[in-house]
Amino acid sequence: MNKLAQQTDKFRRLLDEVGTEVDTLKQEIRELKRDNAKLKAKLEEEHEKQTDIFSAISESERLALRQHVQGLISKIDHHLGAD
């Protein structure tokens, strides 16, 4: 019976270790979820501050850029049509 008692004690110690590890992991998960929520909030805040490229330039620059892009597209179309 002594051997059975030793195995029972060992089992209980190991079970306690597993329980402790599970509790530690649960706490870590909670902390990671909090950190994740904070990072998501920061990301959303930065996203709201962000502007697109076209709102950062003036109307005349926008028109010039549009004409330039259309010219490039025309050249590509002409080049592709020549083959």
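We're numbering straight along the sequence, starting at 1.
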Please determine whether side-chain contact (heavy atoms from CB on, under 4.5 Å) holds for the pair Glu17 and Leu14, giving the CA-CA distance in whole Å, both sets of side-chain angles, and the decisive distance to 0.1 Å. CA-CA 5 Å; Glu17 287 178 26; Leu14 292 173; 4.1 Å; yes

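- Remark: the Gln27 side chain and the Thr24 side chain contain no N/O donor-acceptor pair separated by less than 3.5 Å.
- A distance of 12.5 Å separates NZ in Lys40 from CG in Asp35, rounded to the nearest 0.5 Å.
- Put simply, the side chain of Leu43 does not reach to within 4.5 Å of the side chain of His47, judged on heavy atoms.
- How far CD of Glu46 is from CD of Glu44: 10.5 Å, rounded to the nearest 0.5 Å.
- Considering CD of Gln67 and CG of Leu72, their distance stands at 12.0 Å, rounded to 0.5 Å.
- Here the side chains of Val69 and Arg66 are not in contact, with every heavy-atom distance at 4.5 Å or above.
- For the pair Arg30/Lys33, no side-chain contact is recorded, criterion being any heavy-atom separation below 4.5 Å from C-beta on.
- The CZ atom of Arg13 sits 11.0 Å away from atom OG1 of Thr8, with the distance rounded to the nearest 0.5 Å.
- Taking CG of Leu25 as the start and CD of Glu21 as the end, the distance is 4.5 Å to the nearest 0.5 Å.
- The main-chain N or O of Ser58 is found under 3.5 Å from a side-chain atom of Glu61 such that the two form a donor-acceptor pair.
- Between Leu63 atom CG and Gln70 atom CD the span is 10.0 Å, to the nearest 0.5 Å.
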Begin with the C-alpha distance, continue with both residues' side-chain angles, and end with the deciding distance and a verdict on salt bridge (Lys or Arg N to Asp or Glu O under 4.0 Å) for Glu59 and Arg62. CA-CA 5 Å; Glu59 183 67 27; Arg62 214 175 295 157; 3.2 Å; yes

